[in-house]
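Quick notes on the structure that follows.
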Amino acid sequence: MLDHVSLRVADFPRALEFYRAALAPIGYQVAMEFPGTCGLGERGKPSLWITLTDKTVLPTHLAFRTDRARVDAFHAAAVAAGGVDNGPPGVRADYHPHYYAAFVIDPEGNNIEVVCHDPPGMRKPAPERPVRAASPRRPAKKVKKPACKPAKKAAAKAKKRR
């Protein structure tokens, strides 16, 4: 399973402006930003890093999975942000019967795709929350011993005095 991808760009400000607008409909937003580098993703977790490079940029293909309505919204936002249509939203039955996708060429020449693999009208289940493992940095809580009954405490004190 992929965790994140880096995309090298020659014009960082233009690329960042494009990706902010184009990926907003699928829930991506800037999660981290440093000079010449920016991480975008959902819920504050950067999964797409855009990084300035002075080397020759070779176009690549990136695909993001979402639902059908967001495929349509991505395409409209990406074209409005300066992307070039490379395939409007629609079914690509040659991939499989429910492959619904849209393609846009970004300002750097990359082919950006947003795709839905679900049949029309299918509802997505709520995302599962990850189970957190115990932290190795945090020790287990100490178990408190039950308090002694007052009679036992008094007897113990009396025994010590003798």
Side-chain angles (χ1 to χ4, degrees), residues 1-140:
M1 176 182 299
L2 290 175
D3 183 70
H4 60 275
V5 175
S6 292
L7 187 63
R8 308 276 184 233
V9 297
D11 186 341
F12 180 76
R14 181 178 70 173
L16 179 55
E17 182 180 340
F18 172 79
Y19 280 100
R20 275 185 198 217
L23 298 182
I26 64 168
Y28 272 56
Q29 52 190 229
V30 173
M32 292 183 181
E33 191 169 359
F34 307 99
T37 300
C38 181
L40 296 101
E42 296 176 290
R43 297 180 293 279
K45 195 264 180 221
S47 57
L48 173 64
W49 286 92
I50 300 169
T51 305
L52 177 64
T53 185
D54 58 355
K55 306 215 183 310
T56 302
V57 177
L58 299 174
T60 191
H61 174 80
L62 293 178
F64 299 87
R65 184 183 297 182
T66 192
D67 59 54
R68 287 177 179 235
R70 289 182 176 187
V71 170
D72 297 345
F74 152 77
H75 187 266
V79 170
V84 176
D85 173 41
N86 195 32
V91 174
R92 270 60 179 186
D94 47 329
Y95 297 152
H96 70 71
H98 304 298
Y99 198 104
Y100 187 85
F103 302 83
V104 173
I105 303 297
D106 78 358
E108 299 278 331
N110 298 297
N111 184 27
I112 309 304
E113 173 185 2
V114 174
V115 60
C116 176
H117 295 280
D118 301 326
M122 183 174 168
R123 296 178 112 201
K124 289 247 182 209
E128 291 183 31
R129 292 188 176 180
V131 176
R132 289 190 176 190
S135 171
R137 295 182 190 163
R138 186 178 299 155

>> Show, in sequence, the C-alpha distance, side-chain angles and deciding distance for Thr37 and Thr51, and conclude whether the side chain to side chain contact (heavy atoms under 4.5 Å, CB included) test is met.
In response: CA-CA 4 Å; Thr37 300; Thr51 305; 3.7 Å; yes
> Without hydrogens or angle criteria, can the side chains of Asp118 and Tyr99 be said to hold a donor-acceptor pair below 3.5 Å?
Replying inline: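 Side chains of Asp118 and Tyr99: no pair found under 3.5 Å.
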From [X] [atom1] over to [Y] [atom2], what is the distance, rounded to the nearest 0.5 angstrom?
X: Ser47; Y: Glu42; atom1: OG; atom2: CD; value: 7.0 Å
X: Leu40; Y: Leu23; atom1: CG; atom2: CG; value: 6.5 Å
X: Ser6; Y: Ile50; atom1: OG; atom2: CD1; value: 10.0 Å
X: Phe12; Y: Glu17; atom1: CZ; atom2: CD; value: 12.0 Å
X: Phe103; Y: Asp85; atom1: CZ; atom2: CG; value: 10.5 Å
X: Trp49; Y: Phe34; atom1: CH2; atom2: CZ; value: 5.0 Å

Looking at [X] and [Y], does any basic side-chain N land under 4.0 Å from a carboxylate oxygen?
X: Glu33; Y: Arg20; answer: yes
X: Arg14; Y: Asp106; answer: no
X: Arg8; Y: Glu108; answer: no

Smallest separation among heavy atoms of [X] and [Y], with atom names:
X: Val71; Y: Ala101; value: CG1-C, 3.7 Å
X: Pro97; Y: Val91; value: O-CG1, 3.6 Å
X: Cys38; Y: Leu16; value: SG-CD1, 3.5 Å
X: Pro59; Y: Val57; value: CD-O, 3.7 Å
X: His4; Y: Pro46; value: CB-O, 3.9 Å
X: Pro88; Y: His75; value: CA-NE2, 3.7 Å

Is any side-chain heavy atom of [X] less than 4.5 Å from a side-chain heavy atom of [Y]?
X: Val104; Y: Phe18; result: yes
X: Tyr19; Y: Leu7; result: yes
X: Leu48; Y: Leu62; result: yes
X: Val115; Y: Phe64; result: no

> Is there a side chain to side chain contact (heavy atoms under 4.5 Å, CB included) between Met32 and Val30 once you walk through the steps?
Replying inline: CA-CA 6 Å; Met32 292 183 181; Val30 173; over 6 Å; no
> Can you list the steps and then say if Arg68 with His98 is a side chain to side chain contact (heavy atoms under 4.5 Å, CB included)?
Replying inline: CA-CA 10 Å; Arg68 287 177 179 235; His98 304 298; 4.2 Å; yes
> Quick check: does any side chain N or O of Lys55 sit under 3.5 Å from a backbone N or O of Ala10, one acting as donor and the other as acceptor?
Replying inline: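 No, because the side chain of Lys55 does not come within donor-acceptor range (under 3.5 Å) of the backbone of Ala10.
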> If only atom types and distance count, is the side chain of Asn110 paired as donor or acceptor with the main-chain N or O of Ile112 below 3.5 Å?
Replying inline: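 Absent.
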> Would Tyr100 and Asp72 count as a side chain to side chain contact (heavy atoms under 4.5 Å, CB included) if you check the C-alpha gap in whole Å, the side-chain angles of each, and the deciding distance to 0.1 Å?
Replying inline: CA-CA 10 Å; Tyr100 187 85; Asp72 297 345; 2.6 Å; yes
